[in-house]
Amino acid sequence: MACYGFLHQQVYSWRTFKLTGREYITTKNIVNHLKLMRNLYSLFFTALLACISIAANAINITVNVDDPSRVSISVNYTPVDNIVAGDNQFTVEEYQQVSIKAKDNAFITKVVKSMEGADDSEEYVSNMSECNLYISSYNAGATWTVTSVNADEARDGACRVYVDDPANVMVQRSGTYSTINLEAGWNDMKFMTDKELPLTIGPKNYGSSLYQVKVNGEVVSAQGNTWRISPKTGDEVEIFANFPDVDIPVSFTYTSEEAKGFITNVTVNGTSVDNYNDEDFTVKAGSEMTVYGNTSDYSLSSFTVNGNSVYFYGQYNFVVTEETVIAVDAHKYGTVKATINIDNADNVIVYKGYSYSNDIMSMVSGDNEIELSETNAMIQIKAASGCYITSVTDGTNNYSADYSNSYTINVTDGMVITVKSGAIERNSKAVVYIDSKEAAATYFNFQRNDRSSIDVATGYNEINFYDGDNPFGLSWYGASYANVYKNNETVQPLYTGATTYEFSLVDGDVVKVFLASDPETYEAELSAGDGVDASKVVVTMDRMMNVAGWVGKHSVLQETEISIKPAEDYDVCVKVDGTDLEAGEDGAFVITVNKNTAITVSLPIGTGINAVGAEKFSNAGVYNMQGVRMAGDTDMKQMPAGVYIVNGRKVVKR
């Protein structure tokens with residue numbers, strides 16, 4: 001409350017502060033007022049944090065103990081002295097641990113938390129011996145009531161236990177998990193019938209074994225290397241750690257003569273024996289016996305010891321304590337025979353097992369008889385390089401390829417597998433344009449349906465494909481932009497925000513990918529001059545799309561390549577925005593559009609041709625389009641590419 005009053009006073013003072021009539025509202029006044037406000041805020045929050053800190057570090061709790069002689073308490077691992085019967089009050093810090101432990105020969109039966117405004121709740125007590133409380137501000141004011149009991153008074157059951165060698169024996173109660181201290185001979189032992197049974201009996205030292213356990217003179221079977229018993233009051237339990245010097249029969253039984261071959265070796269205390277199948281085979285009590293089996297060539301149906309199935313993986317090890325019967329049901333692995341019919345063996349690869357093992361089975365076109373071990377009768381079928389598989393069936397099941405394009409078949413005896421295939425002929429063509437592959441800083445991948453990658457680079461890429469390559473996959477990571485077009489139409493990603501695309505192609509398609517920018521769209525206007533025969537001029541965009549009726553305006557994306565190529569016996573001139581464009585070696589005029597562009601196609605008639613008499617060209621010689629003689633006609637090979645007049649006829653040199 002004092003903290004609250006102080007804060008209230010400071011806030012009230014700040015709210016009622018004002019300028020007097022003598023002060024002027026100047027920059028200096030305003031700055032001073034802002035400083036004062038800042039100081040008040042700082043003071044406010046400092047005081048608030050102090051209040052919070054005080055509240056967080058001081059948590060009052062109560063532990064009510066029924067009998068301090070049976071219970072100890074520690075706070076944050078520090079023991080608390082002078083515990084009294086009834087309420088014990090503590091002040092602890094946030095998140096400290098309070099431990100309540102039972103003393104020797106005592107148990108904690110219950111710890112209950114009570115809080116005002118909340119239902120009582122019971123805390124977890126480990127092994128009836130310890131309860132740990134983790135205190136937070138939520139627990140402030142809570143009371144924990146501890147109920148305890150004397151161990152001897154709580155244990156309502158008792159039996160007698162005989163031990164021949166207590167140094168090698170451990171007996172543990174359930175529930176409290178308390179270990180019983182035993183002496184050689186007879187011992188009186190108490191237990192809580194509802195909490196501490198069954199008793200667990202076993203060797204004290206790892207790797208050793210006990211000989212025998214009896215209850216009221218009857219031998220009790222072990223569970224592995226231990227015994228679990230629930231004696232009644234007055235019962236007598238005998239524990240024999242030491243093995244007697246007696247011979248114990250051990251016999252092997254088999255479901256067939258073939259099953260005998262499963263056992264490859266038997267050892268007794270590490271020494272191999274070869275008479276284990278004899279009717280009078282015995283071993284000394286306490287001997288360690290190991291049975292080895294051939295799991296590579298045999299199928300093991302069951303392996304039992306005295307009627308109990310045991311896990312067998314290569315060998316089984318046990319200590320002989322009683323007459324033992326080992327039963328083996330096994331048979332040699334057989335073979336599976338099947339037929340694979342392939343329309344064209346050159347198109348298909350058949351693997352024994354998984355394809356990555358590269359164990360290839362030789363195949364011919366037509367029927368192929370195969371024989372596999374029943375241990376692994378699985379095969380995988382894949383298309384050879386440059387080929388494809390259209391179907392794989394066994395007459396009942398139609399198989400599908402997995403992610404690696406493998407057809408996996410678990411072959412059964414008599415199965416007939418039919419494989420239809422074909423050789424890939426990638427006769428279709430498409431163009432893939434990328435403005436900057438390097439913009440995808442992390443990775444870039446363009447792949448066919450079979451997940452084989454296609455190598456593409458920045459700029460125009462011509463690819464060959466067939467319908468089986470569809471759909472194509474395109475993905476990248478690390479680029480600042482994501483723009484994909486097919487035939488100038490936007491392609492959407494597989495899901496919003498992704499850079500993964502899937503699309504199918506047909507012959508002549510154009511795919512454009514812009515990773516370095518959002519592309520602009522421009523107008524390319526193509527016109528034909530007087531006398532131009534448009535049918536003798538081929539206009540191609542993006543190296544793939546022939547433009548029929550090319551005269552007119554065309555909307556194109558930036559960096560679109562336009563090619564203008566006249567027929568072989570037809571000559572034209574091309575101007576781009578009024579500037580002459582030179583033809584390439586193949587006679588095509590190529591323009592890359594990066595703005596609105598006017599392209600004019602005209603006939604190549606020079607301004608000086610009409611001024612020169614026809615007779616001038618009747619004589620042998622080479623003239624340019626201005627009528628200037630260049631050289632003799634025998635030197636035409638030395639002329640650069642262009643249009644010339646030779647013997648009065650127009651000649652194009654490419």
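In this chain, residues are counted from 1 in sequence order.
Each of Tyr481, Tyr501, Phe446 was checked for a ring-ring contact (aromatic ring centres under 6.0 Å, His included) with Trp476, and the lone residue meeting it is Tyr501. The residue from Val291, Thr253, Leu300 that alone fulfils the side-chain contact (heavy atoms from CB on, under 4.5 Å) condition with Val328 is Leu300. For the side-chain contact (heavy atoms from CB on, under 4.5 Å) with Val511, the lone residue among Leu505, Val456, Asp542 that qualifies is Leu505. With Leu526 as reference, Ile599 is the one residue of Val537, Ile591, Ile599, Val547 to meet the side-chain contact (heavy atoms from CB on, under 4.5 Å) rule.
Judged purely by atom type and a 3.5 angstrom limit, Asp329 has no side-chain atom pairing as donor or acceptor with the backbone of Ser302. Remark: side-chain polar atoms of Asp164 are paired, donor with acceptor, to backbone N or O of Asn242 under 3.5 angstrom. For the pair Asn168 (side chain) and Ala241 (backbone), a donor-acceptor distance under 3.5 Å is absent. Not one N or O on the side chain of Asp509 forms a donor-acceptor pair closer than 3.5 Å with the backbone of Ala430. Judged by distance alone, the side chain of Gln447 and the main-chain N or O of Gly473 form no donor-acceptor pair under 3.5 Å. For the pair Asp469 (side chain) and Arg448 (backbone), a donor-acceptor distance under 3.5 Å is absent. At distances below 3.5 Å, not a single donor-acceptor pair connects side-chain atoms of Ser406 with backbone N or O atoms of Lys382. With Trp227 contributing its side chain and Val220 its backbone, the two residues share a donor-acceptor pair below 3.5 Å. Although no hydrogens or angles enter the test, the distance criterion places no donor-acceptor pair under 3.5 Å between the side chain of Asn275 and the main chain of Asp278. Using modelled atom types, one side-chain atom of Asn225 and one backbone atom of Ser208 make a donor-acceptor pair closer than 3.5 Å.
In this structure the side chain of Tyr356 never reaches within 4.5 angstrom of the side chain of Tyr351, judged on heavy atoms. Counting heavy atoms from C-beta outward, Ile239 and Val171 have side chains that approach closer than 4.5 Å. Here the side chains of Thr592 and Glu559 are in contact, with some heavy-atom distance below 4.5 Å. Between Asn376 and Lys352 the shortest side-chain heavy-atom distance does not fall below 4.5 Å. Using a 4.5 Å heavy-atom threshold, the side chains of Tyr460 and Met544 count as separate. Side-chain contact between Lys337 and Ile370 is absent, with no heavy atoms from C-beta onward closer than 4.5 Å. Residues Lys284 and Ile248 are not in side-chain contact: their nearest non-hydrogen atoms beyond the backbone lie 4.5 Å or more apart. Inter-residue side-chain proximity for Thr540 and Lys565 is flagged as unmet; no heavy-atom pair is nearer than 4.5 Å.
At most 12 non-hydrogen atoms from other residues, nucleotides or ligands lie less than 6.0 angstrom from OH of Tyr495. Residue Lys195 places its NZ atom among 12 or fewer non-hydrogen atoms of other residues, nucleotides or ligands, all under 6.0 Å distant. Heavy atoms of other residues, nucleotides or ligands lying less than 6.0 angstrom from NZ of Lys332 number 12 at most. Counting non-hydrogen atoms of other residues, nucleotides and ligands closer than 6.0 Å to OH of Tyr466 gives a total above 12.
Residues that satisfy the side chain to side chain contact (heavy atoms under 4.5 Å, CB included) test with Thr408, not counting sequence neighbours, are Met378, Gln380, Asp402.
There is a side-chain donor-acceptor pair under 3.5 Å between Ser421 and Asn347. Side-chain polar atoms of Asn427 and Asn464 form no donor-acceptor pair below 3.5 angstrom. For the 3.5 Å distance criterion, the side chains of Ser174 and Glu196 fail to qualify, holding no donor opposite an acceptor. Side-chain polar atoms of Glu369 and Thr339 form a donor-acceptor pair below 3.5 angstrom. A donor-acceptor contact closer than 3.5 angstrom links the side chains of Thr458 and Glu438. Between the side chains of Asn445 and Ser475, no donor N or O sits under 3.5 Å from an acceptor N or O. Under the 3.5 Å distance criterion, with hydrogens and angles disregarded, no donor-acceptor pair is assigned to the side chains of Asp359 and Ser357. No hydrogens or angles considered: nothing links the side chains of Thr418 and Asn341 as a donor-acceptor pair under 3.5 Å.
A salt bridge is absent between Glu489 and Lys486; no separation between the charged side-chain nitrogens and carboxylate oxygens falls under 4.0 Å. Taking 4.0 Å as the cut-off between side-chain N and carboxylate O, Glu462 and Lys429 count as a salt-bridged pair. Checked for salt-bridge contact, Glu561 and Arg543 meet the test: a charged N lies under 4.0 Å from a carboxylate O. Salt-bridge annotation for Asp569 and Lys536: absent, with no side-chain N of the basic residue lying under 4.0 Å from a carboxylate O of the acidic one.
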Check: residues 308-325 side-chain donor-acceptor pairs under 3.5 Å, at least two apart:
from, atom 1, to, atom 2, distance (Å)
Asn317, ND2, Glu288, OE2, 2.9
Asn317, ND2, Thr290, OG1, 2.7
Thr324, OG1, Glu322, O, 2.8

Identify every side-chain donor-acceptor pair in residues 386-393 under 3.5 Å, counting partners at least two apart or on other chains, and give the distances.
from, atom 1, to, atom 2, distance (Å)
Thr390, OG1, Lys420, O, 3.1
Thr393, OG1, Gly395, N, 3.1
Thr393, OG1, Asn397, O, 3.1
Thr393, OG1, Asn398, OD1, 3.0

Checklist line | side chain to side chain donor-acceptor pair (under 3.5 Å) evaluation trace for Asn449 with Asn470 | finding: CA-CA 5 Å; Asn449 181 42; Asn470 285 312; over 6 Å; no
Notebook entry, point to check: So Val350 and Ile379, side-chain contact (heavy atoms from CB on, under 4.5 Å) or not? Walk me through it.
Noted result: CA-CA 7 Å; Val350 180; Ile379 64 172; 4.3 Å; yes
Margin query: Could you walk me through whether Thr267 and Asn269 satisfy the side-chain contact (heavy atoms from CB on, under 4.5 Å) test, starting with their C-alpha distance in whole Å, then the side-chain angles of each, then the deciding distance to 0.1 Å, before giving a yes or no?
Written below: CA-CA 6 Å; Thr267 63; Asn269 295 326; over 6 Å; no
Checklist line | Ile342 and Asn368: CA distance, side-chain angles, deciding distance, side-chain contact (heavy atoms from CB on, under 4.5 Å) verdict | finding: CA-CA 8 Å; Ile342 303 175; Asn368 297 267; 4.3 Å; yes
Next item on the list: For Tyr477 and Phe444, run side-chain contact (heavy atoms from CB on, under 4.5 Å): C-alpha distance rounded to whole Å, both residues' side-chain angles, the deciding distance at 0.1 Å, then the answer.
Entry: CA-CA 7 Å; Tyr477 191 77; Phe444 182 97; over 6 Å; no
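Here the closest heavy-atom approach between residue Ala285 and residue Pro244 is recorded as CB-O, 3.6 Å. Of all the heavy atoms in Pro493 and Ala498, the pair that sits closest is CB-O, 3.5 Å. The shortest heavy-atom contact between Leu515 and Ala440 is CD1-CB, 4.0 Å. Smallest separation of non-hydrogen atoms from Ser296 and Thr375: O-CG2, 4.1 Å. When all heavy atoms of Lys204 and Ala167 are compared, the pair lying nearest together is CD-O, 3.6 Å. The shortest non-hydrogen separation linking Ala457 to Ile434 is O-CD1, 3.8 Å.
A distance of 6.0 Å or more separates the ring centres of Tyr298 and Tyr333.
Relative to the ring axis of Tyr433, Lys512 places its NZ or CZ within 45° and under 6.0 Å from the centre.
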